[in-house]
Amino acid sequence: MEILEQTALPQKTHRNDLLKIVALVTMLIDHIGYLYFPYEMMFRTIGRIAFPIFAYQVALGFQKTSSRSRYGKRLFIFALISQVPYLWFNPTLSFEWQGLNIMFTLLFSLGVLQSLETSKLAWREVFASQKTKLPLAMGSGLLTLALIVLPDILDFNTGIGIEYGSTGVLFVILFYLFGKRFFPMLTAYVVLSLAGGYYSAAKWLHYSTGYSMWKSLTSFETLYNQHIYYGNTLTTLSGVLFQARSVMAVPIIDFTNWLEQNFHLNIHLNKYVGYWFYPVHISILLIIKVIIS
């Protein structure tokens with residue numbers, strides 16, 4: 001815990017929660033579409049904006065919070081609270097216990113960032129001729145890599161997974177590494193979106209046809225033909241690359257940063273609004289769904 005407290009950077013003197021409001025509104029639109037209008041892609045398309053903003057805020061919060069340990073505890077508590085309604089959060093209202101909600105993704109990403117920063121600082125000291133830090137640098141580096149792939153390994157072998165899986169964790173890392181550098185962030189985001197979409201397509205092929213995961217990943221022709229055969233659209237945004245639409249969030253993040261820098265916005269929400277909004281709005285949507293059903 002002491003490491004968490006000492007490495008945290010001081011909080012900003014002013015806040016701009018405009019970006020948080022955008023994330024909450026687009027998430028609400030996405031969930032309305034998911035629960036009530038699952039075949040209306042406009043709702044889900046707008047909703048793609050939400051997760052990258054949350055990923056960005058976790059990366060920023062990791063660097064700016066006055067206490068990473070308290071930040072992690074808040075995410076953990078509200079992840080547990082949110083998991084209760086989340087168990088029934090699907091268009092059929094069926095009980096699904098395997099999946100963990102998005103707050104667990106953000107919490108896990110926070111831990112990965114801590115491991116990554118420990119590795120980065122240790123390697124910096126190694127290159128500054130402090131060879132005694134080499135075991136820490138190598139160990140924390142390997143731990144970071146293991147943590148990144150852990151969500152997909154668990155999902156692949158047990159069916160238990162967090163939302164967005166390892167790809168979601170990598171998005172948080174991208175925002176941590178590139179921050180407010182627009183073009184490097186945009187480029188990295190597009191590359192990861194395409195890679196994540198291809199991986200999702202390969203995983204679908206593996207589960208649908210029984211092909212080995214290695215064959216699914218390495219045989220593009222087989223992958224493409226099978227998706228066409230089953231009526232999917234591998235090479236368009238309406239298919240397995242649907243999540244790639246979330247790239248819209250990157251210019252939105254950059255624009256709100258520009259507004260903050262040039263107009264010194266001070267839009268302030270209570271910090272618990274974002275935490276409570278997630279489980280409360282899911283619960284309300286589920287209650288309405290039950291009533292109208």
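Keep in mind that the numbers below use all heavy atoms, side chains included, and drop hydrogens, waters and symmetry copies. Computed from a predicted structure; not experimentally measured.
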> Does the side chain of Tyr176 reach to within under 4.5 Å of the side chain of Val58, using non-hydrogen atoms?
Replying inline: no

> Between the main-chain N or O of Trp258 and the side-chain N or O of Asn262, is there a donor-acceptor pair closer than 3.5 Å?
Replying inline: yes

> Under 4.5 Å between side-chain heavy atoms, hopping through other hydrophobics if needed: is there a path connecting Leu194 to Leu192?
Replying inline: yes

> Between Ile173 and Leu116, which heavy-atom pair has the shortest distance, and what is it?
Replying inline: CG2-CD2, 3.9 Å

>> Checking Asn257 against Tyr56: is there a side-chain donor and acceptor pair closer than 3.5 Å?
In response: yes

> Does the side chain of Leu106 come within less than 4.5 Å of Phe51's, by heavy atoms?
Replying inline: yes

> So which heavy atom on Ile53 is nearest to which on Ile49, and how close?
Replying inline: CG1-O, 3.5 Å

>> Applying salt bridge (Lys or Arg N to Asp or Glu O under 4.0 Å), can you list everything that pairs with Asp152, at least two apart in sequence or on another chain?
In response: none

> Is a donor on one side and an acceptor on the other found under 3.5 Å between the side chain of Thr118 and the backbone of Ser140?
Replying inline: no

> Which other residues end up in the same hydrophobic cluster as Leu136, if Ile, Leu, Val, Met, Phe, Trp and Tyr are linked when side-chain heavy atoms come under 4.5 Å apart?
Replying inline: none

> Is Leu269 reachable from Met27 through a run of hydrophobic residues whose side-chain heavy atoms are each under 4.5 Å from the next?
Replying inline: yes

>> I'd like to know if the side chain of Arg70 reaches the main chain of Ser66, judged simply by a donor and an acceptor atom lying under 3.5 Å from each other, with no hydrogens or angles considered.
In response: no

>> Within the structure provided, determine whether Arg68 and Glu117 are in side-chain contact (heavy-atom separation under 4.5 Å).
In response: yes

> Just by modelled atom types, is the Phe78 backbone N or O under 3.5 Å from a matching donor or acceptor in the Gln83 side chain?
Replying inline: no

> Where do His281 and Leu24 land on the side chain to side chain contact (heavy atoms under 4.5 Å, CB included) test, with the steps shown first?
Replying inline: CA-CA 10 Å; His281 92 274; Leu24 296 179; over 6 Å; no

> Ignoring hydrogens and geometry, is there a side-chain-to-backbone donor-acceptor pair from His31 to Leu28 under 3.5 Å?
Replying inline: no

Distance-only donor-acceptor hits, side chain of residues 34-43, under 3.5 Å, sequence neighbours excluded:
| unit_1 | atom_1 | unit_2 | atom_2 | d |
| --- | --- | --- | --- | --- |
| Tyr36 | OH | Leu285 | O | 2.6 |
| Tyr36 | OH | Lys289 | N | 3.4 |

>> I'd like to know if the side chain of Ser246 pairs up with that of Tyr189 as donor and acceptor (distance under 3.5 Å, no hydrogens or angles considered).
In response: yes

> Do the non-hydrogen side-chain atoms of Leu150 and Leu154 ever get within less than 4.5 Å of each other?
Replying inline: yes

> Shortest non-hydrogen contact from Ala50 to Ala23?
Replying inline: CB-O, 3.6 Å

>> List the residues meeting salt bridge (Lys or Arg N to Asp or Glu O under 4.0 Å) with Glu163, not counting sequence neighbours, and say none if there are none.
In response: none

> Should Lys131 and Glu125 count as an ion pair when the cut-off is N to O under 4.0 Å?
Replying inline: no

>> Taking side-chain hydrogen bond (donor to acceptor under 3.5 Å, both in side chains) as the definition, give me every residue that meets it alongside Ser193, ordered by chain and number, with sequence neighbours left out.
In response: none

>> Please enumerate all residues that pass ring-ring contact (aromatic ring centres under 6.0 Å, His included) together with Phe127, with sequence neighbours excluded.
In response: Trp123

>> Restricting to non-hydrogen atoms, name the atom on Leu286 and the atom on Trp88 that form the minimum distance, rounded to 0.1 Å.
In response: CD2-O, 3.5 Å

> Who passes side-chain hydrogen bond (donor to acceptor under 3.5 Å, both in side chains) against Thr92, sequence neighbours left out?
Replying inline: Asn90, Ser94

> Can you find a pair of side-chain heavy atoms, one from Phe277 and one from Tyr275, that are under 4.5 Å apart?
Replying inline: no

>> For a quick test of reading the model, state the closest non-hydrogen atom pair linking Thr105 to Ile162 and the distance between them.
In response: OG1-CB, 3.5 Å

> According to a 4.5 Å side-chain heavy-atom criterion applied to Ile, Leu, Val, Met, Phe, Trp and Tyr, with indirect links allowed, do Val149 and Phe171 form part of one hydrophobic cluster?
Replying inline: no

> So, do Thr45 and Met248 sit near enough that their side-chain heavy atoms are less than 4.5 Å apart?
Replying inline: yes

> Does Ser82 use its side chain to pair, donor to acceptor, with the backbone of Ala79 at less than 3.5 Å?
Replying inline: no

>> Hydrophobic cluster membership, with links at side-chain heavy-atom distances under 4.5 Å among I/L/V/M/F/W/Y: are Ile253 and Val25 in one?
In response: yes

> With sequence neighbours excluded, what pairs up with Tyr86 under the ring-ring contact (aromatic ring centres under 6.0 Å, His included) test?
Replying inline: none

> Any chain of hydrophobic side-chain contacts (each under 4.5 Å) joining Val126 to Leu142?
Replying inline: no

>> With heavy-atom distances below 4.5 Å as the criterion, would you say the side chains of Ile81 and Trp276 are in contact?
In response: yes

>> Going by the rule ring-ring contact (aromatic ring centres under 6.0 Å, His included), which residues pair with Phe54 if we only count those two or more places apart in sequence or in a different chain?
In response: none

>> Minimum heavy-atom separation for Pro279 and Pro85, please, with both atom names.
In response: O-CG, 4.0 Å

>> Just to verify, what does Tyr71 make a side-chain hydrogen bond (donor to acceptor under 3.5 Å, both in side chains) with, not counting sequence neighbours?
In response: none

> Quick one: are Met213 and Phe156 in side-chain contact, heavy atoms under 4.5 Å?
Replying inline: yes

> Do side-chain atoms of Asp254 reach the backbone of Val250 as a donor and acceptor pair under 3.5 angstrom?
Replying inline: no

> Which residue pairs pass the salt bridge (charged side-chain N to carboxylate O under 4.0 Å, His left out) test with at least one member in residues 27-37, sequence neighbours excluded?
Replying inline: Asp30-Arg44, Asp30-Arg48

> What residues, two or more places apart in sequence or in another chain, satisfy side-chain hydrogen bond (donor to acceptor under 3.5 Å, both in side chains) together with Ser115?
Replying inline: Thr144

